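Below is one structure, written out as structure tokens; comments come after it.
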There are 2 protein chains.
Amino acid sequence: MQLTKPQHGKASLPVIKRLPKYYRYLTALQHSGASKVSSSELARMMGTTASQVRQDFNCFGGFGQQGIGYNVEVLLHEISALLFGDGEKLPTILIGTGRLGTAVSSFLVRDVNGYRLVGAFDVKDEEVGRQLSGVTVRHIRDLEAFCQEHKPVMAVLCVPRESAREVASRLVALGIRGVWNFSHYDLSVPYPQITVENVHLGDSLMSLGYRLRNE
Amino acid sequence: MQLTKPQHGKASLPVIKRLPKYYRYLTALQHSGASKVSSSELARMMGTTASQVRQDFNCFGGFGQQGIGYNVEVLLHEISALLFGDGEKLPTILIGTGRLGTAVSSFLVRDVNGYRLVGAFDVKDEEVGRQLSGVTVRHIRDLEAFCQEHKPVMAVLCVPRESAREVASRLVALGIRGVWNFSHYDLSVPYPQITVENVHLGDSLMSLGYRLRNE
DNA sequence: CGCAATTTGTCAATCGTTTCACAGCTGCAT
DNA sequence: ATGCAGCTGTGAAACGATTGACAAATTGCG
């Protein structure tokens, strides 16, 4: 059981999905030297409504001050705390070190706070031993031994569709709690006990195609 | 000529986003040799409700037969038509041939129907001339000349945040109608006239972090 | 000091999506 | 041939999210 539970308001999934966007725009504001911002100003920048901005922030507690607006630094700090917790980075492993896995791992290491890449695995022998975003690629057969020692919490899954199911069940057995899933396989269906973020690039591209062709 | 008129029902964005998922599961069903499927069976596989499946399909016209179910082949054909049109592949260019761009382009070429990669561009001279998913990388300064000749319809944007805005405005000027956007920049805000599918990997990863830490 | 302008927090109304319920159709077993 | 079990299509209800509206708070300025 977790102690860190903001019971002030229950954040619905749509709200959670918007948090990173707030984070991005607030970071930009901070860089530009702004010290405060109003909900209407932020809404205009982000292409949403002032009402939604206020409603969203209010899920987590009153960060703003009536008559004034929101203090950029305070707001950014609060949202960072929500997204990245107390600063403890989640130990993370990468499964599948192909092109996509490589690209995504450098992304995780360079561009996003909150995670620490501790290991990478692949089936191909020729990948083993190679350096990748600060870790050495190991063979997938060493997954169990490695995880029992390092206790990773999150896994990035960049394996072909056929392997996804088997790898996922091993990860669940090893106590992995979250998966960032790039395989063409809906992990959320068979494994409701872990938190899954599916990134289905194929789906994304196809739905864009639909919109392009039908309007 | 289209059998299914788009104005039969107006498909809302949530429905459109589910189409590729139907496509995936129906393809799997077809491979497994099934010739028909009921809404409840499909729903169970996909982790949704039978009601939603029927409602979704009904947006586009009655593909099913009362008392029987849906013919897998017919359904797959109809959904393919919606997603990929008459088979004409959309000419597409890639901007930014870094690791992510490379991974994504091989994806577009290999794994998804409906697109044809016709060109790739980068700012770095050392990228120019290299082969990538069947095309030769050109310098970004040749973008205008190339597009005027080849008239691409879609662009994949894999450039750093700082360049996104400038490149996007050039693409819009060149008549690009859709952008698959991987840059950390919300293209939909400044350019409402084009169809944009934002893939914000950072946002995706951050929201996963929130869910992992707060439950 | 008091008023006008601005802005948040929040409750209520609206809007859109999902789920429910059921009529009508089909194939099958008896 | 008839009843039964299972299915779709669809209008209506329920639900959830977004938007609107307004009271309370704050500042600046005359």
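Atom set for the values below is all heavy atoms of this structure, side chains included, hydrogens, waters and symmetry mates excluded. Predicted model, so just to flag it, every value in this text is computed and none were measured. Per chain, numbering begins at 1; letters A, B, ... match sequence-line order.
For residues 189-198 of chain B, every residue pair satisfying the side-chain hydrogen bond (donor to acceptor under 3.5 Å, both in side chains) rule, not counting sequence neighbours, is listed here: A:Ser204-B:Glu197, A:Arg211-B:Glu197, A:Glu215-B:Thr195, B:Lys17-B:Glu197, B:Asn181-B:Asn198, B:Ser188-B:Asn198. Every pair passing ring-ring contact (aromatic ring centres under 6.0 Å, His included) that includes a residue from residues 87-109 of chain B is listed here, sequence neighbours excluded: A:His184-B:Phe107.
Atom CG of A:Asp56 and atom P of C:dG9 are 12 Å apart (whole Å). As a whole-Å value, the separation of B:Glu41 CD from D:dT8 P is 10 Å. Rounded to whole Å, the distance from CG on B:Asn58 to P on C:dT18 is 14 Å. Distance A:Phe60 CZ to C:dT10 P: 14 Å, rounded to the nearest Å. The distance from atom OH of A:Tyr70 to atom C1' of C:dT6 is 13 Å, rounded to the nearest whole Å.
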Query raised in the report: Taking it one step at a time, do B:Asp203 and A:Arg24 satisfy salt bridge (Lys or Arg N to Asp or Glu O under 4.0 Å)?
Result: CA-CA 9 Å; B:Asp203 291 12; A:Arg24 274 190 284 128; 2.7 Å; yes
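For the residue pair B:Pro152 and B:Ile176, the shortest heavy atom distance occurs at O-CD1, 3.5 Å.
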Query raised in the report: What is the per-nucleotide protein-contact pattern of nucleotides 20-30 of chain D, from the 5' end, where B denotes a base atom under 4.0 Å from a protein heavy atom, S denotes such proximity for sugar-phosphate atoms only, and - denotes neither?
Result: BB--BBSS---
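Inspection of the A:Ser39 and A:Arg54 side chains reveals an N or O donor paired with an N or O acceptor under 3.5 Å. Side chains of B:Ser51 and B:Thr49: a donor-acceptor N/O pair is absent below 3.5 angstrom, by distance only.
Distances from the side chain of A:Gln52 to the nucleotides D:dT18, D:dT8, C:dG9 place D:dT18 closest.
For the segment residues 23-30 of chain B, the set of residues with a heavy atom within less than 4.0 Å of an atom of DNA chain D is empty.
With sequence neighbours excluded, the residues satisfying side-chain hydrogen bond (donor to acceptor under 3.5 Å, both in side chains) with B:Tyr25 are A:Asp186. Taking B:Ser80 as the reference, nothing meets the side-chain hydrogen bond (donor to acceptor under 3.5 Å, both in side chains) condition, with sequence neighbours excluded.
Residue B:Phe57 is classed as having no contact, given no heavy-atom separation below 4.0 Å to the nucleic acid.
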